[in-house]
Amino acid sequence: MSRAALLVLADGRFPAGGHAHSGGAEPAVRAGRIKDAQTLAAFCRGRLHTTGLTAAALAAAAAQGLDPQALDEEADARTPSPALRATARKLGRQLTRAARATWPSPELDALAAARPRGAHQPVVLGLVARAAGLTPVDAAYCAAYETVSGPATAAVRLLSLDPFEATAVLARLAPDLDRVAERAALAAYDGIDALPAASAPLLDITAEAHAAWPVRLFAS
């Protein structure tokens, strides 16, 4: 298939449910850690090089053809927050539904049957990329970009941040995105044991607090 499938998959309008999640931006805004374009850039860069790298490697590994159920277990082990595990599986389930209608795949069908409550979103993303004829590097780029585009979009709504400034933040992160995607894809080629397990403990802590808020704009 055409590599243009990557544009469809990475499009924020692809009906996979990501628009309802802030990627940790909502609690960061409330705590004052994100208050303008400069602090948004710092937040996104930190997220990209930690949880973003981990997600990109899982996606690349799934796109390469490694066992998705084993990768799902690896994703679980790399997600200590129950709230974030639930979010990852919900997003994975929604992505599976959208992808099976768009790029039907026996591998997606098998994973949906094995994980009826949803597999982790990066693992599903990698399988979707594979079904769409994309490469492991493509899958890594898509996962890495989602890591930063979600918080940037959320910041526009949460702070009334100028959308031009938010987009500029994403554009300036391009060299970091390149490095993370390339590193993730290389790790995937070395097998499951070589996958990174970078983490951001503050995101785990704030995700648990956010899940208990009685009123919130975003689901996570």
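Keep in mind that the numbers below use all heavy atoms, side chains included, and drop hydrogens, waters and symmetry copies.
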Might you confirm whether atom [atom1] of [X] has over 12 heavy atoms from other residues, nucleotides or ligands at distances under 6.0 Å?
X: Arg33; atom1: CZ; answer: yes
X: Asp193; atom1: CG; answer: no
X: Arg85; atom1: CZ; answer: yes

Practice task
Determine whether the side chains of Gln121 and Glu146 contain a donor N or O and an acceptor N or O closer than 3.5 Å.
Solution key: yes
Residues 158-168 side chain polar contacts: donor-acceptor under 3.5 Å, at least two apart:
residue, atom, partner, partner atom, Å
Asp162, OD1, Phe164, N, 2.8
Thr167, OG1, Pro163, O, 2.9

Quick check: closest heavy atoms across [X] and [Y], and the distance to 0.1 Å?
X: Gly23; Y: Pro151; value: O-CG, 4.0 Å
X: Gly126; Y: Ala139; value: CA-CB, 4.3 Å
X: Thr96; Y: Ala112; value: CG2-CB, 4.0 Å
X: Pro122; Y: Leu58; value: CB-CB, 4.1 Å
X: Ser105; Y: Ala131; value: CB-CB, 3.6 Å
X: Pro15; Y: Ala98; value: O-CB, 3.5 Å

Exercise for the section: Before accepting this row, confirm whether a basic side-chain N of the pair Arg130/Asp138 lies closer than 4.0 Å to the acidic partner's carboxylate O. Expected result: no
Measure the [atom1]-[atom2] distance between [X] and [Y] for me, rounded to the nearest 0.5 Å.
X: Leu53; Y: Arg47; atom1: CG; atom2: CZ; value: 13.0 Å
X: Leu177; Y: Ser149; atom1: CG; atom2: OG; value: 9.0 Å
X: Glu107; Y: Asp109; atom1: CD; atom2: CG; value: 10.0 Å
X: Leu95; Y: Leu108; atom1: CG; atom2: CG; value: 8.0 Å
X: Arg45; Y: Arg172; atom1: CZ; atom2: CZ; value: 9.0 Å
X: Arg216; Y: Arg30; atom1: CZ; atom2: CZ; value: 10.5 Å

Check whether [X] and [Y] end up in the same hydrophobic cluster, where Ile, Leu, Val, Met, Phe, Trp and Tyr are linked by side-chain heavy atoms less than 4.5 Å apart.
X: Tyr145; Y: Leu40; answer: yes
X: Leu127; Y: Tyr189; answer: no
X: Phe14; Y: Leu6; answer: yes
X: Leu84; Y: Val123; answer: no
X: Leu134; Y: Val124; answer: yes

Are [X] and [Y] side-chain neighbours, meaning at least one heavy-atom pair lies under 4.5 Å?
X: Arg115; Y: Asp72; value: yes
X: Asp190; Y: Leu186; value: no
X: His49; Y: Val180; value: yes
X: Gln94; Y: Leu91; value: yes
X: His120; Y: Thr79; value: yes
X: Leu9; Y: Leu125; value: yes
X: Thr54; Y: Ser199; value: no
X: Leu173; Y: Cys44; value: yes

Handout entry: Main-chain N/O of Arg117 paired with Arg93 side-chain donor or acceptor, under 3.5 Å
Key = yes
Practice task
Examine distances only and state if a side-chain atom of Ser22 and a backbone atom of Ser220 form a donor-acceptor pair shorter than 3.5 Å.
Solution key: yes
Practice task
Start with the C-alpha gap between Glu74 and Arg78, add the side-chain angles, then the distance that decides, and say whether side-chain contact (heavy atoms from CB on, under 4.5 Å) holds.
Solution key: CA-CA 6 Å; Glu74 293 293 328; Arg78 286 163 170 75; 2.6 Å; yes
Fill in the blank from the handout: For Val137, the hydrophobic cluster (side chain heavy atoms closer than 4.5 Å, chained through members) also holds Tyr141
Could you pull out every donor-acceptor pair under 3.5 Å between side chains of residues 204-214 and any protein atom, sequence neighbours left out?
residue, atom, partner, partner atom, Å
Thr206, OG1, Leu202, O, 2.9
Thr206, OG1, Leu203, O, 3.3
Glu208, OE2, Ser81, OG, 2.5
Glu208, OE2, Ala83, N, 2.8
His210, NE2, Glu26, OE1, 2.8
Trp213, NE1, Ala209, O, 3.3

Exercise for the section: Begin from the C-alpha positions of Ile192 and Leu71 and carry the test side-chain contact (heavy atoms from CB on, under 4.5 Å) through to its verdict. Expected result: CA-CA 7 Å; Ile192 288 179; Leu71 289 171; 3.9 Å; yes
